[in-house]
K.L.:
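Right, I'll just put the structure down here and ask away after.
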Amino acid sequence: MAQNVNVRPAYQEVDGFKLPKCFSSNCFRKAITYKARNDDIFIVTFPKCGTTWTQHIVHNILHKGKSFECFQDFQKYSPFMEMTGPEAVARMPRPGAIKTHLPFHLNPYSPEAKYIYVARNPKDTCVSFYYHTKMIPAYEFTDGTFDEFFNIFINGENDFGDYFDHLLSWYEHRNDPNVLFITYEDMKADRRSVILTIASFLGKKYEYMLLSNDELMEKIIFQTSTKYMKKCVNDHMHSFLNGKTEVTEEDPYIPEGIQHINQYMKTNNIKPPEEVNFVRKAVVGDWKYHFTPEQSKILKEKFQEKTKGTDIANLWSDLHEDVKDTVI
């Protein structure tokens, strides 16, 4: 199906699960054995499907329009559990939200906890994941091409596993009372409505708070806009990737996983990026400027094969509009 891959990002396998090589295997193993609390809120995505965006929306709702002030603030209130380790979750001020990229069977579960799952169409996901992997120096994929990454993606050989397996694992639970399943495309089409949907899922008091306070609602809409997030998120991630994990006397804690990454960068003499575009375009349809007709055909075939017997195709009805001749 796919051509041989010449360049691969720096990955590692931990108990059969693929992770960035710079991550702590110890933190990952502890993360998947974390015992979910009944008051936990999980933001779950496959990478580059709107994770950071959703983290900002949830934080703004929970904290009445207060945004993250720096990378340390971001990891404190919304830790990435596979990266930081679960101790950061235990120390998280509540209410807070835990970020994970885990498929359903590995994600810590409680029937009382809340899970927000965000899905994004696979073509845009692949493009965004490519630029993310190319940008992060620890992947050692700076010179990698889109064709090379496409082959990795379509074969499910990227970190955090196969896109389709991940999506299917959570789609099966989309109607569970403690799961909110939304799409990146709906967030782009009507952010106000999605913010209200998330607020209602988190608790009726949050929905009422926004419905009764137009000024707060507008503030949250602004602070979760692409323009706002491009500035603050890219600045925060630039600080992190340059090893500037500052501490204060009041809060000297640096998560185990962050310490591991900082040491990995130093040990392997990996230079930080000059420019960080963690939030790059944040658009729907960027795949049209990257996919060849053959790649679109290959992806459609895999999409149809993996999602057969489901109605997942209805999430993105125009995804295969450029492929006219594929028959499964």
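Just so you know, these numbers come straight off a predicted model, no measurement behind them.
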K.L.:
Any chance the rings of His260 and Phe23 have centres within less than 6.0 Å?
P.N.:
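When the ring centroids of His260 and Phe23 are compared, they turn out to be at least 6.0 Å apart.
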
K.L.:
Does the Ser169 side chain pair with the main chain of His166, one donor and one acceptor, at a distance under 3.5 Å?
P.N.:
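Answer holds: yes.
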
K.L.:
Can you tell me if Gln12 uses its side chain to pair, donor with acceptor, with the backbone of Cys22 under 3.5 Å?
P.N.:
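Side chain of Gln12 to backbone of Cys22: no pair is present.
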
K.L.:
Under 4.0 Å between a Lys/Arg side-chain N and an Asp/Glu carboxylate O for Asp40 and Lys114?
P.N.:
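The answer is no: the pair does not qualify as a salt bridge.
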
K.L.:
List in chain and number order the residues that pass salt bridge (charged side-chain N to carboxylate O under 4.0 Å, His left out) with Asp176, two or more places apart in sequence or in another chain; answer none if no residue qualifies.
P.N.:
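Checked Asp176 against salt bridge (charged side-chain N to carboxylate O under 4.0 Å, His left out); zero matches.
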
K.L.:
Between His59 and Phe74, does the ring centre distance come in under 6.0 Å?
P.N.:
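They do not qualify: ring centres at least 6.0 Å apart.
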
K.L.:
If I take atom OG1 from residue Thr224 and atom NZ from residue Lys219, how far apart are they, to the nearest 0.5 angstrom?
P.N.:
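Atom-to-atom, Thr224:OG1 and Lys219:NZ are 12.0 Å apart.
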
K.L.:
To the nearest 0.5 Å, tell me how far Tyr131 OH sits from Ile136 CD1.
P.N.:
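Here the rounded value is 15.0 Å.
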
K.L.:
Test ring pair (Phe, Tyr, Trp, His ring centres under 6.0 Å) on Phe150 and His290 and set out the steps.
P.N.:
CA-CA 10 Å; Phe150 172 82; His290 297 79; over 10 Å; no

K.L.:
Salt bridge check, Asp286 against Lys123: does any charged N sit closer than 4.0 Å to a carboxylate O?
P.N.:
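Result for this pair is no, no salt bridge flagged.
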
K.L.:
Would you confirm whether the ring centroid of Phe303 sits within less than 6.0 angstrom of the ring centroid of His320?
P.N.:
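They qualify: ring centres under 6.0 Å apart.
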
K.L.:
Nearest 0.5 angstrom please: Ser193 OG to Met187 CE, how far?
P.N.:
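The distance works out to 12.5 Å.
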
K.L.:
Within the supplied structure, the quantity of interest is the number of heavy atoms (other residues, nucleotides, ligands) at a distance under 6.0 Å from Glu321 CD; does it exceed 12?
P.N.:
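It does: Glu321 CD has more than 12 such atoms within range.
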
K.L.:
For a quick test of reading the model, state the closest non-hydrogen atom pair linking Arg120 to Trp316 and the distance between them.
P.N.:
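Scanning both residues completely, I find the closest heavy atoms to be C-CZ2, 3.3 Å.
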
K.L.:
Taking side-chain contact (heavy atoms from CB on, under 4.5 Å) as the test, write out the residues that go with Leu216, two or more places apart.
P.N.:
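Applying side-chain contact (heavy atoms from CB on, under 4.5 Å) to Leu216 gives Met209, Leu210, Asn213, Ile220.
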
K.L.:
Checking the side chain of Asn155 only, and the main-chain atoms of Asn151 only, is there a donor and an acceptor separated by less than 3.5 Å?
P.N.:
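Looks like yes, one N/O pair under 3.5 Å.
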
K.L.:
So, do Phe129 and Phe46 have ring centers that fall under 6.0 Å from each other?
P.N.:
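Between Phe46 and Phe129, which both carry aromatic rings, the centre distance is below 6.0 Å.
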
K.L.:
Taking the six-membered ring for Trp and the single ring otherwise, decide whether the centroids of Tyr77 and Phe68 are under 6.0 Å apart.
P.N.:
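Not close enough - the centres of the two rings lie 6.0 Å or further apart.
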
K.L.:
Can you list the steps and then say if Asp165 with Lys306 is a salt bridge (Lys or Arg N to Asp or Glu O under 4.0 Å)?
P.N.:
CA-CA 8 Å; Asp165 291 342; Lys306 296 289 284 190; 2.7 Å; yes

K.L.:
Could you check whether atom NZ of Lys21 has more than 12 heavy atoms from other residues, nucleotides or ligands sitting under 6.0 Å from it?
P.N.:
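Not buried by this count: 12 neighbours or fewer within 6.0 Å.
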
K.L.:
Can you see which heavy atom on Ser110 is nearest to which on Asn178, and at what distance?
P.N.:
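So the two residues come closest at O-ND2, 3.3 Å.
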
K.L.:
I need the Leu62 CG to Ile41 CD1 distance, nearest 0.5 Å.
P.N.:
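Spacing of CG (Leu62) from CD1 (Ile41) equals 5.0 Å.
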
K.L.:
Closest approach of Thr125 and Pro47, non-hydrogen atoms and distance?
P.N.:
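Residues Thr125 and Pro47, closest heavy atoms: CG2-O, 3.6 Å.
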
K.L.:
Keeping Ser78 on the side-chain end and Ala97 on the backbone end, is there a donor-acceptor pair under 3.5 Å?
P.N.:
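Here the side-chain-to-backbone pair exists.
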
K.L.:
Nearest 0.5 Å, please: how far is CD in Glu185 from OG in Ser317?
P.N.:
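Between Ser317 OG and Glu185 CD, I get 10.5 Å after rounding to 0.5 Å.
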
K.L.:
Sort out for me which residue in Tyr171, Phe201, Trp170 forms a ring pair (Phe, Tyr, Trp, His ring centres under 6.0 Å) with Phe181.
P.N.:
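Looking at Tyr171, Phe201, Trp170, the match for Phe181 under the ring pair (Phe, Tyr, Trp, His ring centres under 6.0 Å) is Tyr171.
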
K.L.:
Do Glu218 and Arg192 sit within salt-bridge range, that is, some charged N less than 4.0 Å from a carboxylate O?
P.N.:
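Result for this pair is yes, salt bridge flagged.
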
K.L.:
Write down the atom of Pro79, the atom of Val89, and the distance for their closest heavy-atom approach.
P.N.:
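Minimum heavy-atom separation between Pro79 and Val89: CG-CG2, 3.9 Å.
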
K.L.:
Could you check Tyr109 against Tyr115 for ring pair (Phe, Tyr, Trp, His ring centres under 6.0 Å), going step by step and ending with a plain yes or no?
P.N.:
CA-CA 9 Å; Tyr109 185 79; Tyr115 299 83; 5.4 Å; yes

